[in-house]
Number of protein chains: 2
Amino acid sequence: MAINDLFKALSDETRRKILDLLRFGDLTAGEIAIHFDMSKPGISQHLSVLKNAELVHASKKGQYVYYSLNTTVFQEVMKWMIQFNQSKGENND
Amino acid sequence: MAINDLFKALSDETRRKILDLLRFGDLTAGEIAIHFDMSKPGISQHLSVLKNAELVHASKKGQYVYYSLNTTVFQEVMKWMIQFNQSKGENND
DNA sequence: TAAATGTTTAAGTAATTACTTAATTATTTA
DNA sequence: TAAATAATTAAGTAATTACTTAAACATTTA
């Protein structure tokens, strides 16, 4: 889970909205798609980007695929961000 | 400073490296450019994106332009991130 | 097993983004 | 004031990204 993939995944508005939706509970790909004015394959591709960045987890239940947040990966990004609120010159790589 | 501009600005590796450099102190455009294998106009354009997102501040001193971090804007992003580590369903818009 | 439903993959395209070199602007110094 | 230095703007291009529709795959139900 390269930090680059994380930021790339977060740089798209649609993907951030998908993450927002998932805060309120797990959803199937179809349930997510309903919220957007975009084709289902379009949403599926966004979900694929989020899954690759490990921001979400997918689990198949029958013909449905449930998506859920992977909150631990958000902490990776937080860690990167936090550097910029610390005193100058400390390197936390 | 739309959150979208912030994430778009952060989605590029070169721009994140520029921010990393500025953690250790203010630098001129030229000093920043030295650290990269890229033309100076290329770096200048990245600096422009960072400035637009208000992640950095630019101040001209003679013929030099000094760039510095604007740490307060990082907190905007932090606030967005923090939502995902809170209990489900709380909306902090 | 055929039809229906949910989802993803494939292939192509339009829009955006990250670069390049050349030209321009601003400032300092010989 | 001319030349040198610092930085940006302009214009063009290659690469990437975000979509679309059509096709394929997986599962359930009639």
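Chain A is the first sequence line, chain B the second, and so forth, proteins listed ahead of strands; every chain is numbered from 1. These numbers were taken from a predicted model, which means no experiment stands behind them.
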What does the list of N/O pairs under 3.5 Å between the protein and nucleotides 25-30 of chain D look like, with a distance for each?
unit_1: dA26(D); atom_1: O3'; unit_2: Lys60(A); atom_2: NZ; d: 3.2
unit_1: dT27(D); atom_1: O3'; unit_2: Gln63(A); atom_2: N; d: 3.4

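- With a 4.5 Å cut-off on side-chain heavy atoms, Glu31(A) and Leu21(A) do not count as touching.
- Here the P atom of nucleotide dT17(C) and the CG atom of Asp12(A) are 10 Å apart, to the nearest Å.
- Pairs of residues two or more places apart, or lying in two chains, that qualify as side chain to side chain donor-acceptor pair (under 3.5 Å) and include a residue from residues 38-48 of chain B are Arg15(B)-His46(B).
- As rounded to whole Å, 14 Å separates atom P of dT17(C) from atom CG of Leu50(B).
- Judged by distance alone with a 3.5 Å cut-off, a donor-acceptor contact links the side chain of Gln45(A) to the base of dT20(D).
- Salt bridge present: Asp20(A) and Arg23(A) bring a charged side-chain N and a carboxylate O closer than 4.0 Å.
- Heavy-atom distances to DNA chain D give each of Val65(B) and Ser11(A) a nearest nucleotide, and the one nearer the 5′ end belongs to Val65(B).
- Remark on DNA chain D: of its neighbouring residues Ser48(B) and Ile43(A), the 5'-side contact belongs to Ser48(B), judged by nearest-heavy-atom nucleotide.
- Between Asp5(A) and Lys8(A) there is no salt bridge, since no side-chain N of the basic residue sits under 4.0 Å from a carboxylate O of the acidic one.
- When rounded to the nearest whole Å, the span between OH of Tyr66(A) and C1' of dT8(C) equals 18 Å.
- A donor-acceptor contact shorter than 3.5 Å is absent between the side chain of Asp26(B) and the backbone of Tyr66(B).
- In this structure, Val73(B) and Val77(B) have side chains that are not in contact, with every pair of non-hydrogen atoms separated by 4.5 Å or more.
- Contact of the Glu54(B) side chain with the Leu6(B) side chain is not registered, since no non-hydrogen atoms from C-beta on lie closer than 4.5 Å.
- If you measure from atom NZ of Lys51(A) to atom C1' of dT7(C), you get 10 Å, rounded to the nearest angstrom.
- Between Asp5(A) atom CG and dT17(D) atom C1' there is a gap of 14 Å when expressed in whole angstrom units.
- Atom NE2 of His46(A) is separated from atom P of dT17(D) by 12 Å (rounded to the nearest Å).
- Looking at residues 31-42 of chain A, you'll see Met38(A), Ser39(A), Pro41(A), Gly42(A) sit with a heavy atom under 4.0 Å from some atom of DNA chain D.
- In this structure, Arg16(A) atom CZ and dT17(D) atom C1' are separated by 15 Å, rounded to whole Å.
- Using a 4.5 Å cut-off on side-chain heavy atoms (C-beta onward), Leu55(A) and Leu10(A) make contact.
- The distance between atom OH of Tyr67(B) and atom P of dA6(D), rounded to the nearest whole Å, is 15 Å.
- Applying the side-chain contact (heavy atoms from CB on, under 4.5 Å) test between Tyr67(B) and each of Leu19(B), Ile32(B), Thr28(B) identifies Ile32(B) as the sole match.
- Both Thr28(A) and Lys8(A) lie close to DNA chain C; mapped to their nearest nucleotides by heavy-atom distance, the more 5′-ward contact belongs to Thr28(A).
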